[in-house]
Amino acid sequence: IRMVFGNQLDNLSGSQLKIEHTAKFAIKHASMADSLLEFIIEKLEKPQVPLRINLLFLIDAILQSDNRKGETEWTDLIKKEVVNMVKAVIPESSGGDANVPHVRKMVSGWKRKKIFDAQTIGAVDLLLANRVGGNSGNSDTGMKQQEILKRIEEDRERHKRNKEDFWIRPADEGSEGELDAYWETTSDLNDADWQEITEENEEYRRERQLIEMARDLALSQS
């Protein structure tokens, strides 16, 4: 099982389908969660920093599944390691900065669904504090057209799934359940909110830049 899981991790990409497929395998073998989680942590130390975010997407998919099913086997184990995992995904580098907006979105979902306790979330928030997200350098320069287009498509697919997950409400929820949830989890507008707005705008500009790069490459090859 560990060997099969290792192969899946080696072939993991930003594709939501691959992430979900690997998450289902991990959840199916939850009895080996401690061993499989150790494997994920080992892999976090090896790939290039921009690719580490895919492993955190996998962790998020497992957490979301546990939350939907009311299970905690994986969540309890991840809770002990999540701070170190986030730290590995957002080191102080251009690659780490590029991962910050994705991590902020994941953490926002964890807060909204109360997946972790306040102390764990607070520790993760400290890692994100004062971090500037987005790609401020030229780390995408030199990418092949196919790689650029693939990254754009993976980001769009992930954003679509995130929105779908956000809109799903419990079947037995009252008419004002969604309003109550927003009321309980929405704080006053603060510096963190302005930072998130800034990062959303930066992510939009980055996607536009990737599209323009792909267009320029296509024109140069025509």
Side-chain angles (χ1 to χ4, degrees), residues 6-25 40 43-62 64 85-109 127-128 130-168 191-222:
N7 289 333
Q8 291 180 346
L9 293 182
D10 287 338
N11 294 306
L12 193 67
S13 69
S15 166
Q16 193 69 20
L17 290 176
K18 278 195 174 183
I19 290 169
E20 290 178 356
H21 176 74
T22 306
K24 286 179 181 178
F25 182 89
I40 294 174
K43 294 290 184 181
L44 268 173
E45 300 174 356
K46 295 180 179 180
Q48 296 176 348
V49 172
L51 298 179
R52 294 179 190 176
I53 191 65
N54 296 335
L55 292 168
L56 200 60
F57 285 142
L58 171 61
I59 289 295
D60 182 57
I62 294 172
Q64 299 297 342
M85 287 191 287
V86 170
K87 188 181 298 184
V89 172
I90 57 168
E92 295 282 352
S93 67
S94 59
D97 291 343
N99 289 338
V100 167
H102 295 300
V103 175
R104 286 192 190 281
K105 287 183 180 179
M106 273 186 268
V107 174
S108 177
L127 295 177
L128 295 168
N130 302 319
R131 289 298 300 275
V132 178
N135 182 9
S136 58
N138 295 321
S139 59
D140 286 313
T141 302
M143 290 178 63
K144 295 179 180 179
Q145 180 183 3
Q146 185 177 1
E147 293 174 338
I148 294 172
L149 295 175
K150 181 181 179 182
R151 180 174 294 186
I152 293 172
E153 186 58 34
E154 288 173 351
D155 283 346
R156 286 177 175 171
E157 180 185 6
R158 187 161 41 252
H159 293 164
K160 178 181 177 183
R161 293 298 181 96
N162 287 341
K163 287 181 179 179
E164 289 174 350
D165 182 64
F166 186 79
W167 291 332
I168 294 174
D191 291 342
D193 295 317
W194 286 114
Q195 187 171 18
E196 186 172 352
I197 292 170
T198 300
E199 289 171 355
E200 288 281 355
N201 290 335
E202 178 62 29
E203 188 173 346
Y204 168 77
R205 285 193 292 269
R206 178 171 174 270
E207 182 172 316
R208 293 300 308 170
Q209 183 181 27
L210 288 172
I211 292 173
E212 290 172 3
M213 288 173 63
R215 183 196 61 194
D216 292 343
L217 282 172
L219 290 174
S220 66
Q221 295 173 2
S222 61

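Starting from 1, each residue takes its place in the sequence as its number.
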Minimum heavy-atom distance between Pro91 and Arg52, given as atom pair plus value: CG-NH1, 4.5 Å
Distance-minimising heavy-atom pair for Ile19 and Ala61: CG2-CB, 3.9 Å
Side-chain donor or acceptor of Arg131 paired with backbone N/O of Pro101 under 3.5 Å: no
Spacing of CD1 belonging to Ile40 relative to CE belonging to Met85, to within rounding of 0.5 Å: 7.5 Å
Lys18 versus Leu12, closest heavy-atom pair with distance: O-CD1, 4.0 Å
Pairwise side-chain contact, Phe57 with Gln16, heavy-atom cut-off 4.5 Å (strictly under): no
Charged N-O contact under 4.0 Å between Glu212 and Arg215: no
Pairwise distance CD1(Ile59) to CG(Asn54) - rounded to 0.5 angstrom: 12.5 Å
All side-chain contact (heavy atoms from CB on, under 4.5 Å) counterparts of Gln8, not counting sequence neighbours: Val4, Phe5, His21, Thr22, Phe25
Counterpart residues, side chain to side chain donor-acceptor pair (under 3.5 Å), relative to Lys43 (two or more places apart): Asp10
Val103 to Leu56 - nearest heavy-atom pair and separation: CG2-CD2, 3.8 Å
Listed partners of Lys87 passing side-chain contact (heavy atoms from CB on, under 4.5 Å), at least two apart: Asn84, Leu127
Student check: side-chain heavy atoms of Leu55 and Val89 closer than 4.5 Å: no
Full working for side chain to side chain contact (heavy atoms under 4.5 Å, CB included) between Lys105 and Asp60: CA-CA 11 Å; Lys105 287 183 180 179; Asp60 182 57; over 6 Å; no
